[in-house]
Amino acid sequence: MADSMTQSAQISSSQGLTDGQNSVAAKDSKMSVKDLVHWRDPKKSGVVFGLSLLTLLSLAAFSVISVVSYLLLALLCVTISFRIYKAVVQAVQKSDDGHPFKALMEKDVSVPPETFRKHVDACLTHINRLLKQLRKLFLVEDLIDSLKLAVVMWLLTYVGAVFNGITILILADILLFAIPPFYEKNKTQIDHYMEIARTQVNTTMAKLQEKLPGAIKRTKAE
């Protein structure tokens, strides 16, 4: 009786250990965008960064249709070549392994309606928030915020005169993968200088607001 209880305890503990390992493996296999840009897994981050940068550089040299066509053509060449190779190997070895992509073909790639509605609702929330913010800015509900937007748009006219859209995307892709690890290494110093800059901006805005006529000063929404 004692031996059977010991064996059952060992089996349950081993199952628990296995489940824990599987859950850890599942978590490791699912990397978020934050993990990628922070280079938690250098191999995966390097692959994503390299592919995204290569795609953007290709778009800078060729049209979107050409880049998409070449990518799909390359993918078809790989899958067709592998399919023919496996067919030849099966014919030589006289084996019946079946279709080489059978496991992938049996996977369910359909989008569940619940997941689709969830993402649509999330996007709709962000769109409504953006529309409300744009209404406040362009109808000058708050003069200071509208002036900030005007300054940003004015600066962007100079940026647009120097860089085109695809160049900005390439720079943004490089900065997206370069800034997070740099910030992690120098977090204390960067936060210190950011706080100084934020204080200076708030002080300047407060002085500017005090000089505005009373009818157009910033007022809190009731």
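The residues of the chain are indexed from 1 along the displayed sequence.
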Atom CG in Leu130, atom CG in Leu134: separation rounded to 0.5 Å? 4.5 Å
Nearest 0.5 angstrom please: His192 NE2 to Ile190 CD1, how far? 12.5 Å
Quick one: OG1 on Thr55 to CG on Leu71, what's the gap to the nearest 0.5 Å? 5.5 Å
Without swapping roles, check the side chain of Ser58 against the backbone of Val67 for a donor-acceptor pair under 3.5 Å. no
Shared ILVMFWY cluster between Leu176 and Val33, side chains joined below 4.5 angstrom? yes
Hey, are the side chains of Leu147 and Leu143 touching, using non-hydrogen atoms and a 4.5 Å cut-off? yes
ILVMFWY cluster, Leu53 and Ile166 together (side-chain gap under 4.5 Å): yes
Separation of Ser45 OG from Asp41 CG (nearest 0.5 Å): 6.5 Å
Trace of the side-chain contact (heavy atoms from CB on, under 4.5 Å) decision for Leu72 with Val68: CA-CA 6 Å; Leu72 295 179; Val68 173; 3.9 Å; yes
Do Gln200 and Ile196 have side chains that approach each other closer than 4.5 Å (heavy atoms only, starting at C-beta)? no
Membership question, hydrophobic clusters at under 4.5 Å side-chain separation (ILVMFWY): are Leu156 and Phe138 in the same one? yes
For a quick test of reading the model, state the closest non-hydrogen atom pair linking Phe49 to Ile174 and the distance between them. CE1-CA, 4.0 Å
Would you confirm whether Asn128, through its side chain, and Leu124, through its main-chain N or O, come within 3.5 Å as a donor-acceptor pair? yes
Would you say that more than 12 heavy atoms from the other residues, nucleotides or ligands in this model lie under 6.0 Å from the OH of Tyr183, or not? yes
When hydrophobic residues are tied together by side-chain contacts of less than 4.5 Å, even through go-betweens, does Val120 share a cluster with Val111? yes
Specify whether Tyr158 and Trp154 have parallel, tilted or perpendicular ring planes, treating 30° as the upper limit for parallel and 60° as the lower limit for perpendicular. perpendicular
Would one find more than 12 heavy atoms of other residues, nucleotides or ligands at under 6.0 Å from atom CD1 of Ile65? no
Say you draw a straight line from CG of Leu73 to OH of Tyr70; how long is it, rounded to the nearest 0.5 Å? 8.5 Å
Thr199 and Asn202: side chain donor to acceptor below 3.5 Å: no
Test item: Glu141 side-chain N/O and Arg135 main-chain N/O as donor-acceptor pair under 3.5 Å: no
Tell me whether Met153 shares a hydrophobic cluster with Leu137, the cluster being built from Ile, Leu, Val, Met, Phe, Trp, Tyr side chains joined at under 4.5 Å. yes
Between the side chain of His38 and the main-chain N/O of Arg40, is any donor-acceptor distance below 3.5 Å? no
Looking at Met194, I want to see if its CE is surrounded by more than 12 non-hydrogen atoms of other residues, nucleotides or ligands under 6.0 Å. no
Working note: Leu155 + Val159, criterion side-chain contact (heavy atoms from CB on, under 4.5 Å); need CA distance, chi angles, decisive distance, verdict. CA-CA 7 Å; Leu155 292 175; Val159 175; 5.5 Å; no
List the steps and the verdict of side-chain contact (heavy atoms from CB on, under 4.5 Å) for Asp173 and Leu169. CA-CA 6 Å; Asp173 185 55; Leu169 289 177; over 6 Å; no
Closest approach of Ala60 to Ile170 (non-hydrogen atoms, all atoms of both residues): CB-CD1, 4.3 Å
Measure the spacing between OG1 of Thr167 and CG of Leu56 and express it to the nearest 0.5 Å. 10.0 Å
Heavy atoms only: give me the nearest Phe177-Ser52 pair and the separation to one decimal. CE1-OG, 4.4 Å
Tell me the closest heavy-atom pair linking Pro100 and Lys86, and the distance in Å. CB-CG, 3.7 Å
So, for Thr79 and Phe101, which heavy atoms are closest and what is the spacing to 0.1 Å? O-CE1, 3.8 Å
Is the shortest distance from a Lys or Arg side-chain nitrogen in Asp121 or Arg117 to a carboxylate oxygen in the other one below 4.0 Å? no
Would Lys136 and Asp145 count as a side-chain contact (heavy atoms from CB on, under 4.5 Å) here? Give the steps. CA-CA 9 Å; Lys136 292 180 180 180; Asp145 290 339; over 6 Å; no
Charged N to carboxylate O below 4.0 Å: is that the case for Lys34 and Glu184? no
